[in-house]
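Step one of this worksheet: look at the structure below.
Just follow the structure's listing: the first ligand is 1, and inside any ligand the first atom is 1. For the numbers below, each heavy atom of this structure counts, side chains included, while hydrogens, waters and symmetry mates do not. Numbers here are sequence positions counted from 1.
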Amino acid sequence: MKAKITVLPGDGIGVEVTREAVACLETIAGRFGHEFHYEERLIGGIAVDQTGSPLPAETLATCLASDAVLLGAVGGPQYDSLPPKLKPETGLLGLRAGLGVYANLRPAFLHDSLIDASPLKADIVRGTDLLIVRELAGGAYFGQPREITEERGLNTMAYTAPEVERVARVAFEIARGRRKKLSSIDKANVLESSQLWRKVVTRLAAEYPDVTLEHGYVDSCAMALVTRPTSFDVIVTENLFGDILSDEASVLTGSLGMLPSASLGGEVELYEPVHGSAPDIAGKGIANPLGAIASVAMLLRHTCQLENEANLLEEAIRRTLEAGYGTPDLKSQPRQLSTTELGAHIRSLLTQ
Ligand code: NAD
């Protein structure tokens with residue numbers, strides 16, 4: 001197959017891990033005869049330095065003309081004092097809005113070889129394999145009115161039925177391809193927006209009789225994630241709850257450097273590791289590239305519909321960890337490698 005991919009390495013370790021991820025994609029392309037065409041563009045702090053904008057118009061235009069976008073990370077302490085419209089993170093929010101993505105997928109999968117890296121007891125966390133679908137374009141982060149005065153801060157959590165339905169549909173489809181269980185998380189005992197959420201998800205369930213749907217409250221879900229994480233398959237929830245729950249889920253699996261994400265539903269899909277630009281280790285050659293490489297596996301699966309290739313890449317990550325390889329963030333791994341060495345090891349498995 002052919003695909004046009006815009007590559008946005010961004011700042012700090014974003015550059016280092018994206019290089020390894022693209023190299024893996026190239027190895028897959030070579031092995032299976034796919035043609036991936038790459039355009040590299042600026043975003044974040046480096047874009048501010050070179051163009052005066054964290055999301056140059058040319059970057060967004062290139063992204064919109066491609067099949068998928070692969071992002072590294074943005075940000076750095078040297079940009080913290082810039083006005084909001086120049087901050088690297090504003091570029092990222094602008095990119096998500098410009099692409100129109102509304103479903104953010106964050107898998108949390110614990111490799112057996114990393115059980116000791118989890119803060120939970122092995123017996124509780126072993127076998128964790130869940131995926132959170134977070135609504136990304138609505139809820140309290142975007143609802144109007146919003147304001148702040150000296151005496152009062154106001155935000156609005158609002159959802160319409162179509163907004164709920166489109167993200168719930170993504171979640172049902174994904175659950176259908178996994179273990180066929182969907183947990184819809186809300187606060188319907190208190191919030192009207194959650195009552196609508198529950199009603200719409202329940203209605204949609206009729207189209208997915210093969211998927212078992214359960215509803216839960218966000219407070220009890222927060223507890224269940226650390227007491228019985230293996231009971232979840234796919235979780236779907238609104239923006240604010242998803243922001244918090246997905247960070248909670250991410251720490252179950254060891255290192256932040258391991259975790260991929262995909263943002264779907266818009267004109268063009270966006271893939272990025274969950275971590276930031278990690279200024280504390282940038283330039284040292286020790287960043288874990290596995291989150292970025294696993295993001296490429298998601299790109300192969302969701303945008304390119306290449307399930308076999310996605311599985312091959314995920315299997316290479318699993319075998320690498322099982323053999324004891326890792327970067328310094330994975331302290332329990334006995335065979336410590338640099339970013340480029342770990343990337344090269346994954347690629348060597350892709351051609352076997
Ligand atoms: P961070 O994710 O960059 O780093 C948190 C900690 O995890 C650091 O100790 C870092 O060394 C470690 N870490 C992260 N990724 C790693 C990897 N791949 N390998 C090894 N260790 C890794 O979060 P932060 O320090 O809070 O933020 C740093 C900058 O990144 C800030 O400017 C922040 O705004 C930005 N940020 C960007 C994104 C994004 O681009 N999506 C996400 C989060 C933070």
Side-chain angles (χ1 to χ4, degrees), residues 7-21 24 41-49 54-55 59 63 69-97 99 101 104-106 108 111 114 117 119 134 136 141 242-244 246-251 253-263 270-296 298 317 320-321 325-333 336-343 346:
V7 180
L8 307 175
D11 304 316
I13 66 165
V15 179
E16 302 163 43
V17 299
T18 304
R19 195 181 299 132
E20 299 308 317
C24 287
R41 291 290 181 271
L42 299 171
I43 193 169
I46 189 171
V48 174
D49 291 342
L55 180 64
T59 295
C63 291
V69 178
L70 180 65
L71 176 95
V74 299
Q78 66 273 44
Y79 306 108
D80 285 350
S81 54
L82 290 176
K85 71 174 187 172
L86 286 183
K87 281 197 190 291
E89 292 76 10
T90 304
L92 184 53
L93 291 179
L95 176 67
R96 289 176 183 155
L99 298 180
V101 288
N104 181 234
L105 276 52
R106 284 191 32 181
H111 292 270
L114 295 183
R134 165 189 169 194
L136 202 57
Y141 292 178
D243 193 0
I244 298 166
S246 60
D247 266 23
E248 186 189 358
S250 72
V251 298
T253 60
S255 167
L256 196 55
M258 301 284 305
L259 295 166
S261 80
S263 297
L270 170 66
Y271 299 87
E272 53 181 315
V274 165
H275 62 75
S277 60
D280 53 336
I281 58 165
K284 294 185 179 164
I286 56 169
N288 187 338
L290 296 181
I293 293 172
S295 299
V296 160
M298 295 187 86
I317 293 174
T320 298
L321 292 169
Y325 293 106
T327 37
D329 53 308
L330 303 173
K331 292 186 185 58
S332 57
Q333 294 295 88
Q336 295 280 316
L337 299 178
S338 68
T339 308
T340 48
E341 287 168 342
L342 193 61
I346 298 270

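- Between Y141 and D243, the side chains place a donor N or O and an acceptor N or O closer than 3.5 Å (distance only, hydrogens not considered).
- You'll find the side chain of L342 stays beyond 4.5 Å of the side chain of E20, heavy atoms only.
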Using a cut-off of under 3.5 Å, which N/O atoms of ligand 1 pair up with protein N/O atoms, and what distance separates each pair?
{"residue": "ligand 1", "atom": "2 (O)", "partner": "G276", "partner atom": "N", "Å": "2.7"}
{"residue": "ligand 1", "atom": "3 (O)", "partner": "G276", "partner atom": "N", "Å": "3.4"}
{"residue": "ligand 1", "atom": "3 (O)", "partner": "S277", "partner atom": "N", "Å": "3.3"}
{"residue": "ligand 1", "atom": "3 (O)", "partner": "A278", "partner atom": "N", "Å": "2.7"}
{"residue": "ligand 1", "atom": "9 (O)", "partner": "D280", "partner atom": "OD2", "Å": "2.8"}
{"residue": "ligand 1", "atom": "11 (O)", "partner": "D280", "partner atom": "OD1", "Å": "2.9"}
{"residue": "ligand 1", "atom": "11 (O)", "partner": "D280", "partner atom": "OD2", "Å": "3.0"}
{"residue": "ligand 1", "atom": "18 (N)", "partner": "H275", "partner atom": "NE2", "Å": "3.4"}
{"residue": "ligand 1", "atom": "18 (N)", "partner": "N288", "partner atom": "O", "Å": "3.0"}
{"residue": "ligand 1", "atom": "19 (N)", "partner": "N288", "partner atom": "N", "Å": "2.8"}
{"residue": "ligand 1", "atom": "30 (O)", "partner": "V74", "partner atom": "O", "Å": "3.4"}
{"residue": "ligand 1", "atom": "30 (O)", "partner": "S277", "partner atom": "N", "Å": "3.1"}
{"residue": "ligand 1", "atom": "30 (O)", "partner": "S277", "partner atom": "OG", "Å": "3.2"}
{"residue": "ligand 1", "atom": "32 (O)", "partner": "G76", "partner atom": "N", "Å": "3.1"}
{"residue": "ligand 1", "atom": "32 (O)", "partner": "E89", "partner atom": "OE2", "Å": "3.3"}
{"residue": "ligand 1", "atom": "34 (O)", "partner": "E89", "partner atom": "OE2", "Å": "2.4"}
{"residue": "ligand 1", "atom": "40 (O)", "partner": "V74", "partner atom": "N", "Å": "2.9"}
{"residue": "ligand 1", "atom": "41 (N)", "partner": "E272", "partner atom": "OE1", "Å": "3.4"}

I'd like a table of donor-acceptor pairs (distance under 3.5 Å, sequence neighbours excluded) in which one partner is a side-chain atom from residues 286-296, with atom names and distances.
{"residue": "N288", "atom": "OD1", "partner": "L290", "partner atom": "N", "Å": "2.8"}
{"residue": "N288", "atom": "ND2", "partner": "D329", "partner atom": "OD2", "Å": "3.0"}
{"residue": "S295", "atom": "OG", "partner": "E272", "partner atom": "O", "Å": "3.2"}
{"residue": "S295", "atom": "OG", "partner": "G291", "partner atom": "O", "Å": "2.8"}

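- Remark: N104 engages S263 in a side chain to side chain donor-acceptor pair (under 3.5 Å) (not counting sequence neighbours).
- By the 4.5 Å heavy-atom criterion applied to side chains, H275 and L259 are not counted as neighbours.
- Residues passing the side chain to side chain donor-acceptor pair (under 3.5 Å) test with E16: none are found, sequence neighbours excluded.
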